[in-house]
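Have a look at the structure below before the remarks.
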Amino acid sequence: MNVHTAKYSPFPPVAIVDRQWPGRTITQAPVWMSTDLRDGNQALFEPMNGEKKMRLFKTLCAVGFKEIEVAFPSASDTEFGFVRELIEGGHIPDDVTIEVLTQAREHLIRRTFEAVRGARRVIVHVYNATCPTFRDFVFGMSKAEVVAMAVDAVKLIKSLAESMPETEVILEYSPELFTATELEFAREICDAVTAAWGATPARKVILNLPTTVEIATPNIYADQIEWMHRNLERRDSVIISLHPHNDRGTAVAAAELGLMAGADRVEGCLFGNGERTGNVDLVTLALNMHTQGVDPGLNFSDIDAVARTYEHCTQLPIHPRHPYVGDLVFTAFSGSHQDAIKKGFAVQKADAPWAVPYLPIDPADVGRTYDSVIRVNSQSGKGGIAWMMENEHGVVMPRRLQVEFSGVVQRHADAHGGEVSADDIWNLFAATYLDTANPVRYREHHLFEHGNAQGIRLTVDIGGRTHILTGEGNGPINAAVHALQTAGIAIQVRSYEERSMLPAGDDGNARACAFMELAAAGAGTCHGVGIDANIVTASIKALISGIDRLGAGRLERAA
């Protein structure tokens with residue numbers, strides 16, 4: 001690096017000689033607060049629209065979050081309107097508390113209260129920056145003026161809350177850039193806030209102490225949290241909350257050590273979304289606790305469904321090596337790894353502690369099947385298969401399909417030996433995904449409009465008998481799913497992609513290729529593929545392909 005290290009000053013240690021956190025362990029889950037819809041949303045290339053925010057909100061509720069920061073309502077009409085829709089539409093479960101963020105400025109606070117009017121319970125989260133850089137260079141304010149800004153904001157919130165007796169208002173205060181603020185001053189402003197609010201054990205204040213920008217090692221953050229935990233006034237009337245960012249790549253560690261140091265609550269996002277390098281990853285943090293025998297209180301037993309919703313709503317991909325959820329984290333490419341995993345599975349007892357080599361968690365705990373654990377011998381093998389499919393046949397497979405299909409090719413290679421040619425690979429692909437006809441064979445379909453809904457008449461053979469099924473939905477695929485349900489075929493569409501394919505030598509007659517990832521109760525997930533000149537036909541063929549593959553899997557297991 002062409003940078004002088006003298007340009008940067010190491011962060012000074014915290015004056016705490018009898019620290020207790022190094023000897024502690026995490027024995028219970030914290031209060032979780034998701035800020036996916038606020039901090040996560042403001043960090044996106046394209047912020048979520050109302051439909052995506054609502055879908056993600058409902059997913060967060062289903063996972064088990066009881067506190068969700070839903071918006072910065074004074075920032076825009078879109079944010080304001082989403083809060084109103086949650087309240088007026090009755091979308092907030094009785095055991096869930098929404099949270100809204102505002103700066104410590106009077107007109108923004110008043111606008112925020114307009115947004116939350118009528119809510120049963122709400123956390124109003126107010127903040128102002130407290131570190132020397134902001135005091136001196138951004139605000140040009142003294143310490144006393146910064147404290148007055150926070151206290152005046154809290155008094156206004158208290159007054160507005162008293163004018164809304166139908167709503168339980170909980171105060172949350174953040175000294176922004178806490179980790180870069182002198183500890184004595186951070187304590188002074190936090191104590192002033194709790195005094196102004198009149199905090200009691202029955203009416204606690206949430207003090208959020210964020211690593212707004214991660215500037216030191218996690219142990220420094222733990223020391224800062226323990227110092228505040230031990231020195232705050234009215235500690236029994238305070239909930240200490242953590243909001244770690246990941247600028248140094250240590251947000252999960254900072255959160256874990258912060259909990260050991262006395263914190264009660266953690267704010268973050270699914271899969272680490274958020275400003276710059278993101279917030280602390282609540283999925284990783286929760287599942288880390290799960291591996292230590294601590295019930296995290298969040299349900300990630302179908303982590304793939306959560307991941308697909310997250311990717312749809314944020315338009316952000318999840319890295320294939322992301323802890324616990326990445327598409328490849330339970331897949332061994334190395335022969336030695338495969339051997340150890342096989343031997344571990346052979347001796348693993350159902351009622352014994354999990355102890356399979358190279359797998360820190362049982363994939364079944366997060367809804368993954370064991371089929372994908374040992375599949376491809378090497379990364380280059382999978383990459384070579386994908387390259388030949390694209391260059392020889394014009395099929396660009398989605399990443400998860402690449403992993404799935406490489407297992408088919410590997411099993412063929414193991415059984416027959418020798419080199420697997422591009423034609424062999426295509427024949428395997430066609431036999432696996434395109435030529436399926438059992439238990440369902442596609443015949444034809446006709447679409448029709450029914451008001452605002454899309455209708456379909458779908459002709460299929462099931463068990464050798466022809467059926468004409470009718471369904472309606474918000475599009476052709478959704479309508480076809482509903483039509484198949486009338487025949488007792490219940491499946492879920494987890495992901496869908498469509499691409500054109502134009503093999504070399506084709507005279508411009510491109511065909512559509514549809515890829516669909518399906519799930520069914522007791523059958524795991526698998527892909528279906530459909531190819532046709534018409535994209536809707538290709539999509540329905542992909543749906544039938546996936547159903548046949550799920551059905552075949554059940555028959556194989558039954559046999």
Could you give the distance from CG (Asp36) to CZ (Phe65), rounded to the nearest 0.5 Å? 6.5 Å
Interatomic distance, Met516 atom CE to Tyr496 atom OH [nearest 0.5 angstrom]: 6.0 Å
Start with the C-alpha gap between Arg38 and Gln42, add the side-chain angles, then the distance that decides, and say whether side chain to side chain donor-acceptor pair (under 3.5 Å) holds. CA-CA 6 Å; Arg38 198 278 302 169; Gln42 73 186 37; 3.2 Å; yes
Ser34 versus Glu69, side-chain donor and acceptor atoms under 3.5 Å: no
Parallel, tilted or perpendicular: rings of His245 and His243 (30°, 60°): parallel
Parallel, tilted or perpendicular: which describes the rings of Trp426 and His393, with under 30° parallel and over 60° perpendicular? parallel
Restricting to non-hydrogen atoms, name the atom on Ala254 and the atom on Pro244 that form the minimum distance, rounded to 0.1 Å. CB-CB, 4.4 Å
Using atom types as modelled and distance alone, determine if a side-chain donor or acceptor of Arg511 lies under 3.5 Å from a backbone N or O of Asp532. no
Polar side-chain atom of Asn273 near backbone of Cys269 as donor-acceptor pair, under 3.5 Å: no
Applying side chain to side chain donor-acceptor pair (under 3.5 Å), name anything that partners Ser495, two or more places apart in sequence or on another chain. Glu517
What pairs of residues pass the ring-ring contact (aromatic ring centres under 6.0 Å, His included) test when at least one of them lies in residues 268-314, not counting sequence neighbours? Phe271-Tyr310, Phe271-His322
Gln28 atom CD, neighbour heavy-atom count above 12 within 6.0 Å: no
What residues form a side-chain contact (heavy atoms from CB on, under 4.5 Å) with Asn288, not counting sequence neighbours? Val252, Glu256, Thr284, Tyr324
What verdict does the side chain to side chain donor-acceptor pair (under 3.5 Å) test give for Glu172 and Ser241, after you've listed the backbone C-alpha separation in whole Å, the side-chain angles of each residue and the deciding distance to 0.1 Å? CA-CA 9 Å; Glu172 175 172 349; Ser241 183; 4.7 Å; no
